[in-house]
Amino acid sequence: MLNDAVAPEIVPAAGSDKDAPLKEDIRLLGRLLGDVLREQEGDAVFNVVETIRQTSVRFRREADAGAALELDAMLKELSREQTISVVRAFSYFSHLANIAEDQHHIRRRRAHLLAGSPAQKGSVSFALRNLRLAGVPRKTVDTFFQDALIAPVLTAHPTEVQRKSILDAEHDIARLLAERDLPQTPKERQANMQLLRSRVATLWQTRMLRYSKLTVADEIENALSYYRITFLRELPGLYDDIEDDIAAEYPNGDGTIEPINAAYVQMGSWIGGDRDGNPNVNAGTMQHALARHATTILDFYLDEVHTLGAELSVSTLMVGVSAELQALADQSPDASPHRSDEPYRRALIGIYARLAATARALGATNILRKEVGAAAAYPDADAFLADLRTIVASLESHHGAALARPRLATLARAADIFGFHLASLDMRQTSDVHERVLAELFAKSGVAADYTALSEADKEALLLSELAQPRLLYSPYISYATETDSELAILRAARDIRQRYGARAIRNYIISHTETVSDLLEVLLLQKETGLLRTDWQTGDSRCELMVIPLFETIPDLQRAAGIMSRLMALPLVRQLIAKQGQLQEVMLGYSDSNKDGGFLTSNWELYKAELALVADFRKAGVKLRLFHGRGGTVGRGGGPSYEAILAQPPGTVNGQIRLTEQGEIIASKFSNAEIGRRNLELLVAATLEASLAPQAASPAHAGELAQFEAVMAQLSDLAYHAYRHLVYETPGFTEYFFSATPIAEIAELNLGSRPASRKANQRIEDLRAIPWGFSWGQCRLLLPGWFGFGSAIGAWINQAEGAAKDEKIATLRAMYARWPFFATLLSNMDMVLAKTDLAIASRYAELVADQGLRERIYKRITDEHGNTLRCLELITGNTERLAGNPLLARSIQNRFAYLDPLNHLQVELIKRNRALSAESRIDERVHRGIQLSINGVAAGLRNTG
């Protein structure tokens, strides 16, 4: 792992020559880490690390019981200081290996492009070519981009483990590693190596984790680092690439490129606005989030405008300018005679002054470069964009089009995408809180003594009655509960934020645990109480500033979703509000809770059915549906490749409108490298384009086959549901097993996020948040939420038949895999999870269960189902090896996991120590630190467990 002597072990011999540069990079980073470890910690620690690595490899390859005993003995003998050093070594290696892999992905993609190979699947050019060949006209493509909204939404959660300082150091290492692919002189090569060594040493000497409780403000700053690294430049750049791709596939007769004047990809965030179960989010955190958003984007604009001022030295002695540009220059506070013939510079100096004033007005406190003179702040981002477009238009009309691209045109594009708000901040709260707040308002206003006791019909009638009259329930002369005051203050803050930063700053209100129509009407009434829903009482015309979005999460909620929305959209007031939203309504679907509730197979099937039912009901109502997919990192929480997931959506569910969450270490995996980030953004656009415009097969034979597949899936879901529920919720002792055989207790008590891991202070799986539930199973390498129940379902369904009928059922399953994208994607994701599952490692965690009988009984249930699932997957796909269809990921796992395993072994030992200390009411902070470091390393190694 860490020096030349063991370099051949780093990457197994298997694999093509295409992986040679990857192997070289991993060897290099491993050697540098080894040098740093020797220098900082000494040969003794280095030798311990290497011995653990070799023993762990033997345990993995041979399932050697002797190796397990050796590991146990070796780890028990480690001092606390040695343990921390060893955990850090393997954790950092996981991070360094990820950097090398990302660089290799970039290298391979560039090689593909340089070779002039056909457009890759997943690229926008590939999607456009397929659409053109299918007869989709240019006008349809243009309309798609003008009307589309594709929005990745960054979220924080209890398992967030990354620090900005680490991200910055890793970003530098990635940059230096990329430079080694360029021609370098011997001196440049030596300088590069010295800098790499320096950055690896910096990484070693930088605290990887936070040792104080993470705050919402910390989470906001962590997310903002990805904007600086990736989104601010790569997203506008992607727009430029897409315009070129459209021009290449659908050229105009005169060869010109028609610009797309629409922000079809926009960023969203939950960080600072999601208060469901997070008491740390309030009006203040929302205001802080937007102030930091605005500061980040305005800092970017100021830097770019300053640079443009240096670049655009165009003189009117050489070329003319437009009257509008000259007027903009004349308004500038710059009166220097040295620039009297340089109107572009003067105009940009004026724009800079206005931006600086705007930044101060919106909360920025540190403008690095003082403006030349005073100027009025911009009233909104559109005014800033108009000034930039004035400059672009003048250049284009005076032989300066080449000067507008890339920086100026890209800056104008950024202004259109990010405004002064950077990202739309979603608000989220659970329906129970809204009910309690309104119950108090109703009671203290004398309208209804006990709102919560009313039937659903009476609640709806009361809410609609209140929405139809001008008076308010709230009185400033009455005292209310803290919760009521806080919730109303949050909504008032949202109103103020929209006025200050623009309407896109906050525009969505998501209701967790939506179970009834009244849950949605309650939020409309709360908006009325705080000035966000306004009615002209003479005309009856109503307008709502925040779209009220239901979140359907559990299996029963998903089953009720279409009915709830159908009844809601039938209400005259709601129809009017939807019309003001552009005849569009968003619905959010939660993957996490439905999985924890009903298991992997049933969750996916119920989501699929809910989407189809929603499409049908929205079509009847004449309303455009936008789905917001609450996907997590793990497959059990809706994770897996986004491109395939979007293409596998049921017909009619995309239509150019999609939002989806990005969470945890998935954010780092996708967006901590600018080029990888751009590729992931392009995948979202390409998939949405294809899913929206690609012609759907609609022949009767296809429809009949699809109906057959869906009927089979319904039966499989029922069988899988019962198998999963029987294990998780009906098996005596399972809760004790889970809390003992996974690090869930340690995750809950460590500083891994601003939100509690459980909704209530107990050990009930029902109250545990789905995120730490899935994360814990990933840490112990079972990843149970991503596969359990599949083997039982397939086996039971096939065994319902006999003889030739069994063969027919197997043939049907194989046809589903071959011809139904939904089923193929489901199996592909499960294949990935099973590739990352390791029963040998999981068995070490099972040893943490004190009750031997309980341990053996439940672990056998899990391993038996794992074997059944593997056999059934192989029966359907014909592949006996995991990830046969994704050799790149298969090699990646093979490369990394021999160095991930030691972290799991160390984590088990540290958990044993921690629990022994806890039994004696003692605490050892170094043990806590070691556990947290191991959690970070395992998460980094698995790459999609958040």
Side-chain angles (χ1 to χ4, degrees), residues 7 10-11 15-33 35-36 92-115 117 120 122-123 162 164-204 206 225-238 240-241 406-407 410 665 667-683 888-889 891-892 895-896 940 943:
I10 290 178
V11 179
S16 69
D17 289 339
K18 293 176 183 178
D19 284 343
L22 171 61
K23 298 175 187 179
E24 182 181 340
D25 285 345
I26 292 179
R27 289 189 182 103
L28 170 64
L29 294 175
R31 185 170 67 251
L32 291 174
L33 180 60
D35 292 344
V36 168
Y92 278 122
F93 186 77
S94 285
H95 286 260
L96 293 173
N98 288 345
I99 293 170
E101 280 193 10
D102 288 343
Q103 177 56 29
H104 191 57
H105 288 315
I106 294 168
R107 182 185 294 124
R108 293 303 311 148
R109 186 162 186 259
R110 285 183 173 173
H112 182 94
L113 294 172
L114 287 169
S117 303
Q120 287 181 302
S123 68
Q162 194 69 291
K164 182 180 178 299
S165 300
I166 296 297
L167 283 173
D168 290 344
E170 291 178 355
H171 185 251
D172 279 351
I173 292 169
R175 176 181 55 79
L176 291 164
L177 202 61
E179 287 177 3
R180 297 177 67 81
D181 283 349
L182 302 173
Q184 290 180 315
T185 66
K187 277 196 171 183
E188 288 171 337
R189 198 73 165 174
Q190 182 182 12
N192 176 279
M193 181 69 77
Q194 289 172 344
L195 284 170
L196 265 175
R197 187 184 302 275
S198 169
R199 296 311 283 148
V200 172
T202 300
L203 200 63
W204 182 260
T206 299
S225 63
Y226 297 103
Y227 285 87
R228 300 183 188 99
I229 293 168
T230 296
F231 299 123
L232 294 180
R233 296 188 185 278
E234 298 306 321
L235 191 47
L238 176 62
D240 294 337
D241 288 350
R407 189 183 304 278
T410 300
E665 71 274 8
I667 300 174
S669 175
K670 286 185 175 181
F671 302 118
S672 61
N673 178 287
E675 197 161 344
I676 294 286
R678 185 146 163 177
R679 172 64 175 157
N680 278 295
L681 290 168
E682 183 181 14
L683 285 167
L888 184 64
L889 180 58
R891 293 196 301 270
S892 167
N895 293 345
R896 278 187 282 129
R943 303 206 84 172

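The figures here come from the full heavy-atom set of this structure, side chains too, leaving out hydrogens, waters and symmetry mates.
- For the pair L196/R180, a side-chain contact is recorded, criterion being any heavy-atom separation below 4.5 Å from C-beta on.
- Residue P236 comes nearest to T410 through the heavy atom pair CB-CG2, 3.5 Å, listed as atom of the first residue, atom of the second, then distance.
- Using a cut-off of 4.0 Å between Lys/Arg side-chain N and Asp/Glu carboxylate O, R110 and E675 are scored as salt-bridged.
- Nearest approach of L203 to L96, heavy atoms of both residues: CD2-CD2, 4.1 Å.
- Heavy atoms only, all atoms of each residue included: F93 and L33 are closest at N-CD2, 3.8 Å.
- Residues T202 and S198 have side chains in contact (heavy-atom distance under 4.5 Å, counting atoms from C-beta outward).
- Rounding to the nearest 0.5 angstrom, the gap separating the CD1 atom in I106 from the CD atom in E101 is 12.0 Å.
- In terms of heavy-atom proximity, T206 sits nearest to Y92 at O-OH, 2.9 Å.
- Atom NE2 of H112 sits about 4.0 Å away from atom CD of Q120, to the nearest 0.5 Å.
- In this structure T230 satisfies the side chain to side chain contact (heavy atoms under 4.5 Å, CB included) test together with E234, F671, A674, sequence neighbours excluded.
- Between L28 and R31 there is a side-chain heavy-atom pair separated by less than 4.5 Å.
- Shortest non-hydrogen contact noted between L29 and A100 is CD1-CB, 4.2 Å.
- In this structure, CD1 on I229 lies 13.0 Å from CD1 on I676, to the nearest 0.5 angstrom.
- Looking at N98 and E170, their side chains never come closer than 4.5 Å, going by heavy atoms from C-beta outward.
- Taking CG from D102 and NZ from K670, the interatomic distance works out to 13.0 Å, rounded to the nearest 0.5 Å.
- Among residues two or more places apart in sequence or in another chain, the side-chain hydrogen bond (donor to acceptor under 3.5 Å, both in side chains) test is passed with R107 by D25, H104, D181.
- Within the model, atoms CG of D240 and CG of L235 stand 10.5 Å from one another, a figure rounded to the nearest 0.5 Å.
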Per-pair distances, 0.1 Å, donor-acceptor, side chain in residues 171-178, under 3.5 Å, sequence neighbours excluded:
residue: D172; atom: OD2; partner: R199; partner atom: NE; Å: 3.2
residue: D172; atom: OD2; partner: R199; partner atom: NH2; Å: 3.2
residue: R175; atom: NH1; partner: E179; partner atom: OE2; Å: 3.2

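- Between A940 and H95 the shortest heavy-atom distance is CB-NE2, 3.6 Å.
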